Each structure stands twice: as C-alpha cells, then as structure tokens.
Amino acid sequence: MRILVVEDDAGIANGLRTNLQQRGYAVDVCDGIASAWGALRAERFDAVLLDLGLADGEGGELLHRLRASPPAAGVPALPDPATPVLIVTARDLVSQRIAGLDQGADDYLVKPFDVDELDARLRALLRRAAGRASPTIRYRDIEVDPAARTVLQAGKPVDMSPREFSVLLVLLQARGRVLSRQQIEERLYSWQSAIESNAVEVHIHHLRRKLGSGCIQTMRGVGYFMPQEAL
Ligand code: CA
C-alpha cells in the first residue's frame, strides 16, 4: 500500500517514513501543497497523511483541491478525488477537528501520536476505501489479515515474504480488476526504491506456487487479476 506523507517538518516526515516502511507501506514524502499536488497528479496513492500548517500554505487547501477534482469515470483518473485523507496535525481544538472532517478528511489525528494508532487508523481507512467492514479479507479458501500480515489457506498458515504479501494484498483489494505490472509496482514501491525489472512476475510466480495456480490469473499483454467470485 502506497502512502503520501505531506509534512514540512523533516524530522516528523522521516520518522513517519521509517515507521511506516517497517510496517510494509511504500512511503513518499512531500513538504508542501505544490509538490504534493504534483505527486497526486502523477501517481495513485492508497492514502494521504496531511499536515495542516505547510510551508506554502494550508493543508486544507490541498484537501479542497483534491476533493473538487473531477471524479474518475471508467479509466481511473488522476488525481483520484476519493483518495482517503488522514489529517495529522498539532491543532487539537474540537472546532479544528470538526472543520478538518467537514472539509473532506476521512480521519483526524493530533500530534504527538502513537504510531500503532496511526497504523490502525490507516488500516481502517484502507478497509473502508475497499468497501469492507471486516478487518480480514476472505477470498475463496484464503483469509488475509492486513494487521497481523498473515495468510491462512483452508485454515493453515501460508508463509510469505513481505513483498509477496503486499502483491497479494494489492490484487485482493482490486479483486475482479486487471492491474498492469506498472500499476502493481506503483503501489509497492516509493520513488526512492530501486525496482528490479521482473520483481512483480517473480512474486506472482511464488504466490501461485503457494496458493494454487488458479488464484491469480494473467491477462496476456495487460496484467494480472484475481477473478471476482460468483455471488
Ligand atoms: Ca507543519
């Protein structure tokens, strides 16, 4: 899952990056509205952590611009106005929290905060964005727990590397839709990471070996998908 951190305090931004990367997120950092807007127009993020007092203006302005951008129709447009936004700020007045939520933020967290709580709130946002109420994701006989980062198949634990887990989660969240290799890479890697050219193929090969060849399918020349289950 790929997160954009919009934060002008380099110490806080680096702390967030390190902590979230350790938890398996791909993290990119922007220090102002202009650079963050550029990032949102160029890439798809699963969630945005937004500071309010930024060097080049108010974080609320970025939120307003994002929510007012034309909604995606058919082909996913950028920036995606539905991108979940979690405000992370030192402004702790009730009126400020209410204003942030009413401006279109999905959640509001006051600094200083506990990273475990931030991670739990992020998981809740990502869960809601994927249209799920349950904290675990079930697909056929597979059960994935994004919090514990565990996978069960027919009730038995399946060992997988952090990257394999991330690829599985990305495909599961997009269940029924075909994702190109590039779309999968975008959700797995931040700008700073070096991407091995065949990394996604290798992870998918391993996932098929572990979970059965039918769970991830290839659409030749287009990408990969997990078939939507019959209702
Ligand atoms: Ca700030």
Side-chain angles (χ1 to χ4, degrees), residues 1-72 76-130 146-147 166 173 186-194:
M1 297 288 105
R2 188 159 177 188
I3 309 293
L4 179 65
V5 172
V6 188
E7 170 64 67
D8 63 342
D9 182 315
I12 294 175
N14 287 332
L16 277 172
R17 186 205 298 274
T18 307
N19 273 296
L20 291 173
Q21 279 175 344
Q22 282 167 357
R23 289 160 194 255
Y25 296 97
V27 181
D28 291 301
V29 174
C30 288
D31 65 358
I33 294 172
S35 54
W37 186 245
L40 288 165
R41 292 181 65 181
E43 310 267 359
R44 183 162 300 275
F45 293 91
D46 294 291
V48 176
L49 300 186
L50 180 64
D51 180 27
L52 289 181
L54 295 164
D56 60 352
E58 281 295 307
E61 193 190 309
L62 180 73
L63 179 57
H64 178 75
R65 217 190 283 182
L66 176 66
R67 293 293 184 246
S69 57
L78 288 174
D80 178 358
T83 307
V85 175
L86 168 52
I87 291 178
V88 181
T89 177
R91 299 178 191 171
D92 63 350
L93 296 180
V94 170
S95 59
Q96 291 168 328
R97 296 177 194 226
I98 292 170
L101 293 168
D102 280 345
Q103 274 179 309
D106 297 276
D107 202 354
Y108 194 105
L109 190 58
V110 174
K111 296 173 186 167
F113 53 85
D114 187 290
V115 180
D116 285 335
E117 182 180 356
L118 172 66
D119 192 12
R121 286 175 185 263
L122 265 179
R123 287 196 300 271
L125 284 190
L126 298 171
R127 195 158 71 219
R128 287 202 293 272
S166 297
Q173 309 265 32
E186 279 172 4
R187 286 170 172 76
L188 293 186
Y189 300 98
S190 61
W191 299 313
Q192 290 184 328
S193 336

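Quick note: residue numbers are just sequence positions, from 1. Everything numeric here is computed off the predicted structure, so don't read it as measured data. Every number for a ligand or one of its atoms is a count from 1 in the order of the listing.
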List, one per line, each side-chain donor-acceptor pair under 3.5 Å for residues 24-32, sequence neighbours excluded.
residue: Y25; atom: OH; partner: D119; partner atom: OD1; Å: 2.7
residue: D28; atom: OD1; partner: W191; partner atom: N; Å: 2.8
residue: D28; atom: OD2; partner: R2; partner atom: NE; Å: 2.8
residue: D28; atom: OD2; partner: R2; partner atom: NH2; Å: 2.6

With a 3.5 Å cut-off and sequence neighbours excluded, list the donor-acceptor pairs that the side chains of residues 48-61 form with protein atoms.
residue: D51; atom: OD1; partner: K111; partner atom: NZ; Å: 3.3
residue: D56; atom: OD1; partner: I33; partner atom: N; Å: 2.7
residue: D56; atom: OD2; partner: I33; partner atom: N; Å: 3.1
residue: D56; atom: OD2; partner: A34; partner atom: N; Å: 3.0
residue: E58; atom: OE1; partner: R91; partner atom: NH1; Å: 2.9
residue: E58; atom: OE1; partner: R91; partner atom: NH2; Å: 3.4
residue: E58; atom: OE2; partner: R91; partner atom: NH2; Å: 3.1
residue: E61; atom: OE2; partner: R65; partner atom: NH2; Å: 3.4

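- Residue pairs meeting the side-chain hydrogen bond (donor to acceptor under 3.5 Å, both in side chains) criterion with at least one partner in residues 100-110, sequence neighbours excluded, are R67-D106, D107-R121.
- Side-chain contact check for D46 versus R187: some heavy-atom pair is nearer than 4.5 Å.
- For the atom pair F113 CZ and L118 CG, the distance stands at 5.0 Å (nearest 0.5 Å).
- A donor-acceptor pair under 3.5 Å is formed between the side chain of Q96 and the backbone N or O of L93.
- Excluding waters, the set of protein N/O/S atoms under 3.0 Å from the Ca ion (ligand 1) reads D8 OD1, D51 OD2, G53 O.
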